[in-house]
Amino acid sequence: MEELISRLTKNNMSTIVEDTLYQQLVSTFQELETVQEPADLTERRRQAFERFQQEGFPTVKHEEWKYTNLHPLTNTPYVLNADVNVDDIDVSKADIPGLDAHRIVLVNGQYVLAFSSLEDEIGLTVKPIEEAHAEEGFQKHYAAYADKSDNILVQLNTALQTSGLYIHVAPNKAVSKPLHIIHVATGDQPFFAQTRNLIVAEHHAEVEIVESFITLDAAAKNLNNKVSEIVLAEGAKVQHYYIQVADAASNYLQHTEVYQEQYSLYNNYNCNLPGASFVRNNINVRLDAENVESHLYGINLTSDKQFVDNHTIVDHLKPHCESYEWYKNIPQDESTAVFNGKIFVREDAQKTNAFQQNNNMLIGDKASVYTKPQLEIFADDVKCSHGCTMGQFDDEALFYLRSRGIGEESARVLLVHAFAFDVTTRFSNEAVRAYVEGLIAEGLEK
Amino acid sequence: MLNIKNLQASVEDKEILKGLNLEVKAGEVHAIMGPNGAGKSTLGNVLAGRDSYEVTGGEALLDGVDLLDLSPEDRAREGLFLAFQYPVEIPGVSNINFLKTAVNDIREYKGLPPMEAKEFLQMVKEKQKLVEFSANLANRSLNEGFSGGEKKRNEIFQLAMLNPKLAILDETDSGLDIDALRIVANGVNQLRSKDNAFVVITHYQRLLDYIVPDFVHVLYNGRIVKTGPKELALELEEKGYDWLKEYDTQTA
């Protein structure tokens, strides 16, 4: 794998002259022949790339990408997997006050190191995914879920990913502290990075994962295509936070595929804040056993010309499961928020309890929201509900607060907190909750 | 304390207040009565600074400071309080957090440090007794799911917490049953002092049985057309407002 990385790094030197990212990727893949990795993985890469080559980057003609134009991001060349000096990486932008966590840092998609005494956590394995080929969890689960989705960007990732994280939590192991994974974007040339993560929580394992996304000052434009597969065996519990606080230079394509077995619980808290120019999240949860519970929460406060798109699928495949999804969007300035929430309740999935809610508060005349809740129900004995609201600042409420001596800015913060409350109140981690509430206040005051 | 001179205001280009004069001294309670559409609620909203009302002339001085030049929050910080006729519900903002923010923003304006948490909670405990407001209500989201009476009691509770110089009660009696009315009036009476003043806007004389005014003003067609002692309220109750038409033509 070392060799693959160095080859890719070399390749970019020759391919930087290519006009578009697509052309670059094609020539990079063609030159990628003598890679030191298990043959089945190489074959998987080949098949995945074939699919990617057939379809190419999705365009706005594709229903799932209707509002999400990738063209401006992909019609320009990037350095693929640039070498980065990681000696003096300052990750303080990702600091979460009061959060005692194991820190793991990835720079431009490459696993750098864990800043923590992970060896004390018996039963927890954290390693670069390129060194995990021999792991049973890897062999059993790698590319077994995300690649079945119809997101072509997963194929691109499978074909050309160069690094990422493999996290394995042994049966009955409760990881003592949250894992704080910090994704850093840096570099003085525009770069494209592909990270691949696999997280396996074995039966009755428990882990809390907080992923922060930051951009170092003066970083060149960058595009990150990240795929995470998360597997929860019976009775496992995973709390999973995304804290998107990168800067305008950074753009993200992220696919999260969650596969759940019986009595497992997966909670995702997806927080996007002012900064990154472009974020597209695909978060898919497959409830493939009875008595599974999944919660998807989203809080998206955007500003300037930011574009944040969250596409989620909650797929009820078996009976007696419960899913709960609540997304709140607060676009300001000329920013755009997209929410597309699909719930499938398959024929077998009787006694399903599925809830979905999306609330939008537009601030400013030029902010926009595109929202599309979609329910497809094939079972007849289920309880499903969904709702969507679109609104602005409540002027009456604002005046009421101000008439009590509360400054206009504080009043707006109070009202946005109130709007976000249904979501932030669900956060399982108090430090993260306080941090995100602080980020919301900051994001409004700018 | 409050000195309103020739106040003129309109809503959507319709003139509502047409040169209103009113003087309120510290320690006084003034009642403002009048028929629907006379401009009673407009007066309260204009003084509090609601931006759908446009002030076209005049001044409103609170201890020498012209309120009309200030933002709504600065008016409150200067010591004005409007008890709303229809208090809004704000789910997700806790009553206590809201009050703490308000108390401390007002203190900051006056150059005072934030109130200690303990002192604040002590004050909450003490003041909520005034309006028989339970701790349960105080801890809930602001007015969310409150009954009409609970909302009005919450207004008086806020009034007690913020301790303004001048409080305007905008039809605080509307929608209250007799018990709630007594509780609210009782709260107000306990808050009366030689240093503050109240303007009570009402349709009905009933409230004035409980909050006894020093003066009763009749607001008619955008002006105060008659001022008298508390007995004037009884006279209005008996005669209605029709007889005021002659005042209007006389002054016009």
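The sequence lines fix the lettering, A, B, ..., with proteins before strands; numbering per chain opens at 1.
Contact annotation: the side chain of B/L22 approaches that of B/I32 to within less than 4.5 Å [non-hydrogen atoms, C-beta and beyond].
Ranking B/R75, B/M161, B/E155, B/E78 against chain A, the residue ahead of the rest is B/E155, based on heavy-atom pairs under 4.5 Å. Here B/I106 is the residue among B/I106, B/L99, B/D74 with the most heavy-atom pairs under 4.5 Å with chain A. Ranked by non-hydrogen atom pairs under 4.5 Å with chain A, the options B/S71, B/G49, B/S52, B/S141 are led by B/G49.
Interface remark: B/P164 contributes no atoms to any contact with chain A (heavy atom separation under 4.5 Å). No part of B/N104 comes within reach of chain A, as not one of its non-hydrogen atoms sits under 4.5 angstrom from that chain.
Heavy-atom proximity under 4.5 angstrom to chain B picks out nothing from residues 353-364 of chain A.
Within a 6.0 Å sphere centred on CD of A/Q392, other residues, nucleotides and ligands contribute 12 heavy atoms or fewer.
Ring to ring, A/Y297 and A/F427 are not that close: their centroids are 6.0 angstrom or more apart.
Legend: ring pair (Phe, Tyr, Trp, His ring centres under 6.0 Å) pairs involving residues 87-144 of chain B, not counting sequence neighbours, sorted by first then second residue: B/F133-B/F157.
A cation-pi arrangement is absent between A/R280 and A/Y252 under the rule of less than 6.0 angstrom and at most 45 degrees off the ring axis.
Taking both residues in full, the closest heavy atoms of B/F81 and B/L159 are given as CZ-N, 3.6 Å, listed atom of the first, atom of the second, then distance. In terms of heavy atoms, A/G405 sits closest to B/R77 at O-NE, 2.9 Å.
Relative orientation of the A/Y400 and B/F84 rings is tilted, given thresholds of 30° and 60° on the angle between their planes.
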